[in-house]
Amino acid sequence: MKLVKNIGLAVFLCCFAIFLCLPFMGTYRLTSQQFESVVSDSAHRAALAPNMQAMFDKSYANNFNFLADYGQALDKTNQQFKDKEAWAKVIHTDYALPLAKISAKGFVKEHLQTLFYICFIISSLGGLIYFIEDLFLQKKGDTQHKQVFKSGITNRGISAIVFAVFLIAFYILLYQAPAYLSNWVLMVDPLSIKLTGSQASHWFLYGFMYCLVMLVMGLKMLIKHRHSNYQLVRTVSVIFFQVAFAFMIPNILTLLQLPSADLKNIWPLDYTFFFDYHLNDLLSAGLLGYWMLSWGIFLIVVGVPVMVYFFGKRWYCSWVCGCGGLAETFGDPFRHLSDKSIKSWKIERYLVHGVLIFAVVMTVAVLYTFFTGSSTLLGINTYGIRQVYAFAIGFIFAGAVGTGFYPLMGNRVWCRFGCPLAAYLGIVQRFKSRYRITTNGGQCISCGNCSTYCEMGIDVRAYAQRGENIIRASCVGCGICAEVCPRGVLKLENGPENNRFENQLNLIRAKNEV
């Protein structure tokens, strides 16, 4: 079995190595005809062409040199407009990625299908072969992470730091310089054309990789927790919503030339929902657009409080949300790294509710601009507010830190410290919900497994020792604490609100006295 596991690891590492090499491969040669086909705006084309003339029909050994020349040409063009104070003519459209894709030559462009299978399909099979050991060796009830404190990648070793740097670098390139990932995007072009009717963007690549990673690591979760019906259904649910609602349906809607939307995404996590361009797209799409707008508002006003009242925030954070889905699958090996200290809990409360307030203020500002046409509110530029939020929260916090810090701070960094929707759900869960985790303090042996594997940094053992119900705004109801408990002390329940906050040991004593 160990040999099979090592073969799977070797296959995955070889495929991953090829994947990492692809951005550095190939040659680039841009023709004037290709330039004109990409830069469809006549004004942009007329402005850029003189400064890009030297690039036409020139061969580049890699896309780094190609993109450097394009960047200089774009900066020179925009500087000419700025010198004349023609601010409206400054080019903000990102043509770098489509230009890099259309000018690509050589090995990658000629072997897209083969490389797609190697980098995505065969590598996934290698990963599954590596995980298959648990299917035969793991015993019923053995759901704890094995050797997590002895492995460098799951105990903040050098390999964990390297992995974190890779994830952070990937998000930086994805958000800020996707043209450097052009060869990766090229590989999913055929799939994108079938699903959307157009060539792939870097966001299509990200969505595809997101789903693939969740599928592979989700299968690992299914193997690992195959003796728990709750974990099986929860894992299948979160994968389904990601693949169907976040990836397939939006892309199919794009193919049908209809407004694309992730129907499970809810404001304020979906912070662009009330942006003017999104509202205009929906309002101009007829009945379907009005329904999408109404559905989104219904989820915010009615769906969230009603569902949280009956089921707690777990209905979304652990069963539906894509961010939570990635955390529960790809991030599962790192769940024990969450900080359980009081200091961390205090920081969490200030940060997550601060982001929620920021999101509310930004939304009020953009709606004010939408209805009044004024770009300033109380002397503050509303477009500036949304740009700050998109960069600081959408990119830095949710992306680079939220996922990049999995190997360093656990798998729920974003959900715990930054997600504004989690904050909204948590407020409802804390004060008006039937959900709680009940404890049987008399059976607790203080082994600490529950606290160790709580991804939200809750010291579950402290509650269990006192026989207290666990009612925390941050709890996402993943149920792992109950899974790893050797005595069955913990139980996830949706009970009546009466006695929800009572200490179970005190209730038992009171009954005995009577």
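By the 30° and 60° cut-offs, the orientation of the rings of W184 relative to F170 is tilted. The aromatic rings of F163 and F330 sit perpendicular, their planes meeting at an angle over 60°, well past the 30° parallel limit. A tilted orientation is assigned to the rings of F56 and F35, their planes being inclined by 30° to 60°. Ring geometry for Y277 versus F275: interplanar angle over 60°, hence perpendicular rather than tilted (30 to 60°). Between W319 and Y230, the ring planes are perpendicular. Angles over 60° get that label, and only those under 30° would be called parallel. Below 30°, between 30° and 60°, or above 60°: for W267 and F274 the angle between ring planes is above 60°, a perpendicular geometry. Note on ring orientation: taking the six-membered ring where Trp is involved, the planes of F245 and F240 are perpendicular (angle over 60°, cut-offs 30° and 60°).
For the 3.5 Å distance criterion, the side chains of Y60 and D69 qualify, holding a donor opposite an acceptor. Side-chain contact annotation: H44 with Y95, donor-acceptor N/O pair under 3.5 Å present. Judged purely by distance below 3.5 Å, without hydrogens or angles, the side chains of Y206 and Y171 pair a donor atom with an acceptor atom. Judged purely by distance below 3.5 Å, without hydrogens or angles, the side chains of S338 and E455 never pair a donor atom with an acceptor atom. No side-chain donor-acceptor contact under 3.5 Å links T77 and D75.
In terms of modelled atom types and a separation under 3.5 Å, the side chain of N155 and the main chain of S151 share no donor-acceptor contact. In this structure, T114 contributes its side chain and H111 its backbone to no donor-acceptor pair below 3.5 Å. Counting only distance, with no hydrogens or angles, the side chain of S284 and the backbone of D281 share a donor-acceptor pair below 3.5 Å. Formation of a donor-acceptor pair under 3.5 Å by the D270 side chain with backbone atoms of N265 is not found in this model. The closest donor-acceptor contact from the side chain of S237 to the backbone of V233 lies at 3.5 Å or more, if one exists at all. A donor-acceptor pair under 3.5 Å is formed between the side chain of K101 and the backbone N or O of A200. D189 places no side-chain N or O within donor-acceptor distance of the main-chain N or O of Q199, the cut-off being under 3.5 Å. With hydrogens and angles disregarded, a donor-acceptor distance shorter than 3.5 Å links the side chain of R156 to the backbone of L408. Looking at T382, its side chain never comes within 3.5 Å of a backbone N or O of V366 through a donor-acceptor pair. Between the H278 side chain and the F273 main chain, a donor and an acceptor come within less than 3.5 Å of each other.
Here the OH atom belonging to Y70 is positioned 14.0 Å from the CG atom belonging to N63, to the nearest 0.5 angstrom. A distance of 12.5 Å separates OH in Y210 from CG in L215, rounded to the nearest 0.5 Å. Annotation: the span from R335 atom CZ to N411 atom CG amounts to 5.5 Å, rounded to 0.5 Å. With rounding to the nearest 0.5 angstrom, the CD atom of Q231 is 5.0 Å from the CD atom of E483. Rounding to the nearest 0.5 Å places CE of M221 at 10.5 Å from CE of M214. We find the OH-OG1 distance between Y389 and T272 to be 10.5 Å, quoted to the nearest 0.5 Å.
The side-chain heavy atoms of M292 and L253, taken from C-beta on, include a pair separated by under 4.5 Å. Between P333 and M217 the shortest side-chain heavy-atom distance falls below 4.5 Å. The shortest distance between side-chain heavy atoms of L258 and L288 falls below 4.5 Å. A heavy-atom distance below 4.5 Å is not found between the side chains of Y28 and L99. A 4.5 Å side-chain heavy-atom check between F120 and F208 finds at least one atom pair inside the cut-off. Looking at heavy atoms from C-beta onward, L269 lies in side-chain contact with Y316 at the 4.5 angstrom threshold. The closest side-chain heavy-atom distance from R29 to D57 is below 4.5 Å. Here the side chains of L125 and V11 are not in contact, with every heavy-atom distance at 4.5 Å or above.
Both the sub-6.0 Å distance and the 45° axial angle are satisfied by K220 relative to the ring of F131.
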### Task
Under the side chain to side chain contact (heavy atoms under 4.5 Å, CB included) rule, what do F12 and I129 come out as? Steps first, then yes or no, please.
CA-CA 9 Å; F12 171 77; I129 293 172; over 6 Å; no
### Task
Evaluate the criterion side chain to side chain contact (heavy atoms under 4.5 Å, CB included) for residue pair L30 and F66; output intermediate values, then yes/no.
CA-CA 9 Å; L30 180 67; F66 174 83; 3.9 Å; yes
### Task
Show your working on side chain to side chain contact (heavy atoms under 4.5 Å, CB included) between S123 and L13 and close with a plain yes or no.
CA-CA 8 Å; S123 64; L13 290 177; over 6 Å; no
### Message
If you apply the rule side chain to side chain contact (heavy atoms under 4.5 Å, CB included), what do you find for K194 with L255, and how did you get there?
### Response
CA-CA 9 Å; K194 290 181 180 179; L255 177 64; over 6 Å; no
### Query
W414 and F397: ring-ring contact (aromatic ring centres under 6.0 Å, His included), yes or no, with the steps?
CA-CA 7 Å; W414 163 246; F397 209 157; 5.6 Å; yes
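A salt bridge links E328 to R412: at least one charged side-chain nitrogen sits closer than 4.0 Å to a carboxylate oxygen. The pair D276-R386 meets the salt-bridge criterion, with a side-chain N (NZ, NE, NH1 or NH2) lying under 4.0 Å from an Asp/Glu carboxylate O.
The shortest non-hydrogen separation linking C317 to L425 is SG-CD1, 3.7 Å. Nearest heavy-atom pair across I18 and C119 is CG2-SG, 4.3 Å.
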